[in-house]
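Below, chain A is the first sequence line, B the second, and so on; all start at residue 1.
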Number of protein chains: 2
Amino acid sequence: MTATTDRTDPMASAPSRDGSAGSRIATRLRDEILSGAYAPGTRIRQEDVAEQFGASRLPVREALRILESDGLVTLVANTGAWVSHLSLAECEEMYQIRERIEPLLLRYSLPQLSPETLGRLQELADEMQAGTDVETFLRLDREFHLLSYSGAVTSILGETVHRLWNSTQHYRRAFTTLIGPDAGRAVHYEHQLLIGALRRGDSEEAERMLGGHIRRTRLELSKHPALFAQ
Amino acid sequence: MTATTDRTDPMASAPSRDGSAGSRIATRLRDEILSGAYAPGTRIRQEDVAEQFGASRLPVREALRILESDGLVTLVANTGAWVSHLSLAECEEMYQIRERIEPLLLRYSLPQLSPETLGRLQELADEMQAGTDVETFLRLDREFHLLSYSGAVTSILGETVHRLWNSTQHYRRAFTTLIGPDAGRAVHYEHQLLIGALRRGDSEEAERMLGGHIRRTRLELSKHPALFAQ
DNA sequence: ATTCAGGTCTTTGGATACAATGAGAGAAAT
DNA sequence: ATTTCTCTCATTGTATCCAAAGACCTGAAT
């Protein structure tokens with residue numbers, strides 16, 4: 001009976017809050033949205049989803065509420081639900097927030113990172129650097145960063161960061177598709193330098209690197225307003 | 001059909017998302033929780049609320065989902081709903097987040113603040129300094145800070161800050177009750193200095209003042225773990 | 001006396017049925 | 001031709017009913 005939902009697996013893309021049908025539907029819908037199956041702006045009809053999952057519209061409504069609180073779905077009363085889309089300004093806001101709170105989360109996490117985790121981070125960074133397709137790049141990058149936060153036992157902060165990643169997922173995909181997964185070599189170098197700071201236990205430097213990494217990404221992103229065309 | 005909900009009134013304690021019964025119930029329940037009528041840990045029975053508002057349990061469930069996404073209510077599947085309570089660690093986390101993102105919000109807001117708004121901020125600060133009871137102190141402090149953010153046209157950032165204020169409201173009340181609304185003179189001085197920076201349009205200094213203000217409050221709060229006794 | 005098992009009972013979760021609201025098409029008037 | 005009004009239909013919102021899952025109480029056995 002705490003204020004937080006359990007999250008044993010830091011990599012889980014879905015909180016999987018509980019066993020209710022609404023939560024299960026939310027989990028699967030979330031994965032579909034994050035996978036890119038639904039583009040932002042796509043309308044979501046309750047009945048369609050209900051039929052798809054073999055349930056009534058009621059748990060679907062609960063699922064939509066959950067996804068709304070995740071920022072993935074936008075509900076309008078008496079009208080319907082849509083997959084959320086961001087304006088460039090909103091996306092930049094999210095990156096500004098990330099830039100300020102993810103270093104904090106990393107600071108909580110760093111002292112608890114095991115050698116095994118650091119090794120795994122190195123593997124992920126190397127695998128990314130070897131070059132891959134867009135989807136793999138996105139998956140590895142997400143796993144890399146969220147794993148670097150896995151030492152933190154925080155509740156609110158971790159969830160907030162998770163939400164921000166989910167909300168911007170589609171635009172990261174669009175951006176990466178546009179410029180190619182290796183166009184920005186800086187990403188790989190920054191990851192390597194970040195790992196170095198983590199290995200040394202240099203919290204200050206790790207925070208600075210991460211903040212800069214997010215900041216640079218935001219500035220790159222803002223050069224492509226076309227990604228956010230309505 | 002944007003990703004944000006309208007919020008014309010920056011002071012509204014409730015988003016008042018739309019006209020559905022669930023949202024209206026959520027709005028009123030939220031106000032009751034924030035007013036202190038329900039202590040954290042209090043169980044909320046769906047049927048009680050339904051009867052209180054003359055509705056069925058269904059919109060109540062929606063209201064509880066909404067409040068859960070606000071962080072004010074904790075739902076457990078097949079078990080029930082409780083007014084959320086925070087541990088000291090969780091509350092400190094929220095203050096750490098606030099310390100990093102509220103200065104950012106203030107930076108967005110500052111250039112848009114009208115002379116009238118600055119005057120109103122001065123009135124609020126003066127009124128607080130004159131000394132009042134706990135409830136008035138809380139109301140004025142909340143209005144002061146949220147009004148200082150009212151110039152920002154942000155969406156996500158403003159909502160996030162709003163949620164953090166709501167989630168910690170009960171503990172601010174408990175803390176203020178414990179030490180008295182005037183025990184911390186520093187609050188008043190900080191407010192005055194903050195207004196000075198705002199008047200000069202000195203964004204850097206305003207951000208620094210606000211960050212320090214929140215930080216100091218967090219440190220004070222952490223001296224009283226008894227406030228968070230289960 | 002304490003602990004464990006069973007059963008009842010309260011409370012939540014879900015499905016069907018109905019009401020109400022909004023959106024879109026079509027027709028008429030300017 | 002364009003705009004506006006109205007009517008119809010698709011879709012969401014709510015209530016009632018039923019099912020299921022915990023919680024609590026009672027009882028017996030060690």
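For the pair Q46(A) CD and dA17(C) C1', the interatomic distance rounds to 16 Å; values are reported in whole Å. The CD1 atom of I44(A) sits 14 Å away from the C1' atom of dT11(D) (whole-angstrom rounding). To the nearest angstrom, P of dT12(C) lies 16 Å from CD of E62(B). Across the protein-nucleic acid pair, R65(B) atom CZ and dT14(D) atom P stand 16 Å apart, rounded to whole Å. In this structure, CD of E47(B) is placed 11 Å from P of dT16(D), rounded to the nearest angstrom.
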Protein-to-nucleotide contact annotation, 5' to 3' order, nucleotides 20-25 of chain D [B base; S sugar-phosphate only; - none; under 4.0 Å, heavy atom]: -SSS--
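Relative ring orientation between W165(A) and H145(A) is described as tilted, the plane-to-plane angle lying within the 30° to 60° band.
Considering CG of L75(B) and OG of S20(A), their distance stands at 9.0 Å, rounded to 0.5 Å. With rounding to the nearest 0.5 Å, the separation of NE2 in H85(B) from CD in E90(B) is 8.5 Å. Going from atom OG of S148(A) over to atom CG of L110(A) covers 9.5 Å, rounded to the nearest 0.5 Å.
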Before giving the answer on salt bridge (charged side-chain N to carboxylate O under 4.0 Å, His left out), spell out for E207(B) and R100(A) the whole-Å C-alpha distance, their side-chain angles and the decisive distance to 0.1 Å. CA-CA 13 Å; E207(B) 284 190 60; R100(A) 296 199 171 214; 3.6 Å; yes
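For the side-chain contact (heavy atoms from CB on, under 4.5 Å) test, residues two or more places apart in sequence or in another chain that qualify with E62(B) are R61(A), R65(A). With sequence neighbours excluded, the residues that form a side-chain hydrogen bond (donor to acceptor under 3.5 Å, both in side chains) with Q52(B) are E32(B). Not counting sequence neighbours, the partners of E127(A) by the side-chain contact (heavy atoms from CB on, under 4.5 Å) test are L140(A).
Annotation: proximity of residues 49-61 of chain A to DNA chain D (heavy atom, distance under 4.0 Å) is found for R57(A), R61(A), numbered in ascending order.
Among the protein residues, L64(A) comes within range of no part of the nucleic acid, since none of its heavy atoms lies under 4.0 Å from any strand.
Annotation: R28(B), atom CZ; neighbour count of heavy atoms from other residues, nucleotides and ligands within 6.0 Å does not exceed 12. Counting heavy atoms of neighbouring residues, nucleotides and ligands inside a 6.0 Å radius, atom CD of E135(A) exceeds 12 of them.
Judged by the 6.0 Å distance and 45° axis criteria, R172(B) is not positioned over the aromatic ring of F175(B).
Inter-axis angle, ends of the helix from dA1(C)-dT30(D) to dT30(C)-dA1(D), five pairs per end, rounded to 10 degrees: 30°.
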